[in-house]
Amino acid sequence: MIRTFAVAILGLAISAQAQSTQPTTTPADDAGAKAALQRYNKAVADSDMPTILSSIATASDMQKQALSLAGRLMAARNGLYEASLAKFGAKKLETDGATKEAFDQSVPTFPQFPLDQMQIKVNGDTAALLMPTGEAAPFTLKKIDGTWKIDSGFLPEMNQKQLDEQKTILEAAAGAIDQTRDDVTAGHIRSGDEALVLMQHRMQKAVRDIQMKQFEAMMQEQIKSATQPGAATRPSGPVIPDDISKP
């Protein structure tokens, strides 16, 4: 699920062709849209969750909660990096290949837009982000009360039950990261790269365990529903004719 959620959050893969019509734009609109993305990029670099949230035009409280889940994961990841930095020092982390970028890439949460590789095309109160190929990225901007924000259309639609399931999974992943942070602080881990490997192993195991429990609960619910009075019944296995040469 972390991978699925991260893809939804990070989703910089191209998904749509650029529009053939020429957008109407003004230098002020271009500058405002670019400034909004620059502000968002800086907030991601600084792990400034309030600014990240204010940079995205969420359509519902459900979407805000979904983004906050990624914020919890980001905070855990940053805590592990800070603990590793304090324990091993910047020079050893760099030698071990355990830089801040390595930690960020190991637990992806929010993307930074490669503005030097993208073109912003404004059309009224909306703006498309075009890649060098001319194709549109799956992110758009829209102007709300004079302020440019990232449209939340890239977020997956979820109901409360699905959101609760995602929260359980992401909390388990964040807990695995926190456990690794505590081990770094206690001196149980010898290097930054060892912290990264152990964190990823623990996180994957925690997610698998939760997913398995959720799957088992779903199967039990289906079995319960199928055995309720009045439930439709069906053969427990395929019907095989006596003479298999006949249809």
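Numbering starts at 1 and runs along the sequence shown. Everything numeric here is computed off the predicted structure, so don't read it as measured data.
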Heavy-atom check, side chain of [X] versus side chain of [Y], under 4.5 Å:
{"X": "L198", "Y": "I189", "value": "yes"}
{"X": "S55", "Y": "K149", "value": "no"}
{"X": "S84", "Y": "L80", "value": "yes"}
{"X": "L37", "Y": "I120", "value": "yes"}
{"X": "R208", "Y": "K205", "value": "yes"}
{"X": "Q214", "Y": "T168", "value": "yes"}
{"X": "V184", "Y": "K87", "value": "yes"}
{"X": "I177", "Y": "L73", "value": "yes"}

[X] side chain vs [Y] backbone, donor-acceptor pair below 3.5 Å:
{"X": "Q112", "Y": "N41", "value": "yes"}
{"X": "N159", "Y": "K161", "value": "yes"}
{"X": "T180", "Y": "A176", "value": "yes"}
{"X": "D183", "Y": "H188", "value": "no"}
{"X": "T126", "Y": "V122", "value": "no"}
{"X": "Q220", "Y": "E216", "value": "no"}

Is any NZ, NE, NH1 or NH2 atom of the basic residue among [X] and [Y] found under 4.0 Å from an Asp or Glu carboxylate oxygen of the other?
{"X": "E171", "Y": "K167", "value": "no"}
{"X": "D96", "Y": "K92", "value": "yes"}
{"X": "D178", "Y": "R77", "value": "no"}

Self-check item: Pair Q65-D61, side-chain donor/acceptor within less than 3.5 Å
Solution: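 Yes - a donor-acceptor pair under 3.5 Å links their side chains.
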
If I compare all heavy atoms of [X] with all of [Y], which pair ends up nearest, and what's the gap?
{"X": "A102", "Y": "G97", "result": "CB-O, 3.4 Å"}
{"X": "A173", "Y": "V207", "result": "CB-CG2, 4.1 Å"}
{"X": "S68", "Y": "L53", "result": "OG-CD1, 4.3 Å"}
{"X": "M158", "Y": "Q162", "result": "CA-OE1, 3.2 Å"}
{"X": "S152", "Y": "I56", "result": "CB-CG2, 4.1 Å"}
{"X": "I210", "Y": "A172", "result": "CG1-CB, 3.7 Å"}

Working to the nearest 0.5 angstrom, can you tell me the gap between [X] [atom1] and [Y] [atom2]?
{"X": "L196", "Y": "Q105", "atom1": "CG", "atom2": "CD", "answer": "10.0 Å"}
{"X": "Q117", "Y": "L115", "atom1": "CD", "atom2": "CG", "answer": "9.5 Å"}
{"X": "T109", "Y": "L170", "atom1": "OG1", "atom2": "CG", "answer": "11.0 Å"}
{"X": "L129", "Y": "T140", "atom1": "CG", "atom2": "OG1", "answer": "7.5 Å"}
{"X": "K142", "Y": "T147", "atom1": "NZ", "atom2": "OG1", "answer": "13.0 Å"}
{"X": "M49", "Y": "R72", "atom1": "CE", "atom2": "CZ", "answer": "12.5 Å"}

Self-check item: Co-membership, hydrophobic cluster, residues M203 and V197, 4.5 Å side-chain
Solution: no

Self-check item: CG/D145: more than 12 non-hydrogen atoms of other groups inside 6.0 Å
Solution: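 Not buried by this count: 12 neighbours or fewer within 6.0 Å.
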
Quiz item: So does E94 have more than 12 non-hydrogen atoms from other groups sitting under 6.0 Å from CD?
Solution: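 No, the 6.0 Å shell around CD holds no more than 12 heavy atoms from other groups.
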
Self-check item: Parallel, tilted or perpendicular, as decided by the 30° and 60° cut-offs, for the rings of Y81 and F103
Solution: perpendicular

Exercise. Give the intermediate values and the outcome of side chain to side chain donor-acceptor pair (under 3.5 Å) for residues E82 and N78.
Key: CA-CA 6 Å; E82 292 297 333; N78 292 346; over 6 Å; no

Quiz item: Can you list the steps and then say if D104 with K100 is a salt bridge (charged side-chain N to carboxylate O under 4.0 Å, His left out)?
Solution: CA-CA 6 Å; D104 290 349; K100 177 66 164 59; 2.9 Å; yes

Quiz item: Going through the distances and angles, do M199 and V107 end up as a side-chain contact (heavy atoms from CB on, under 4.5 Å)?
Solution: CA-CA 10 Å; M199 176 268 292; V107 186; 3.7 Å; yes

Exercise. For L93 and D193, run side-chain contact (heavy atoms from CB on, under 4.5 Å): C-alpha distance rounded to whole Å, both residues' side-chain angles, the deciding distance at 0.1 Å, then the answer.
Key: CA-CA 8 Å; L93 289 184; D193 56 339; over 6 Å; no

Exercise. Apply ring pair (Phe, Tyr, Trp, His ring centres under 6.0 Å) to the pair F110 and Y40, showing each step before the final yes or no.
Key: CA-CA 10 Å; F110 297 96; Y40 164 83; 7.1 Å; no

Exercise. Kindly determine whether E135 and L130 satisfy side-chain contact (heavy atoms from CB on, under 4.5 Å), including the steps that lead there.
Key: CA-CA 6 Å; E135 293 178 311; L130 306 183; over 6 Å; no

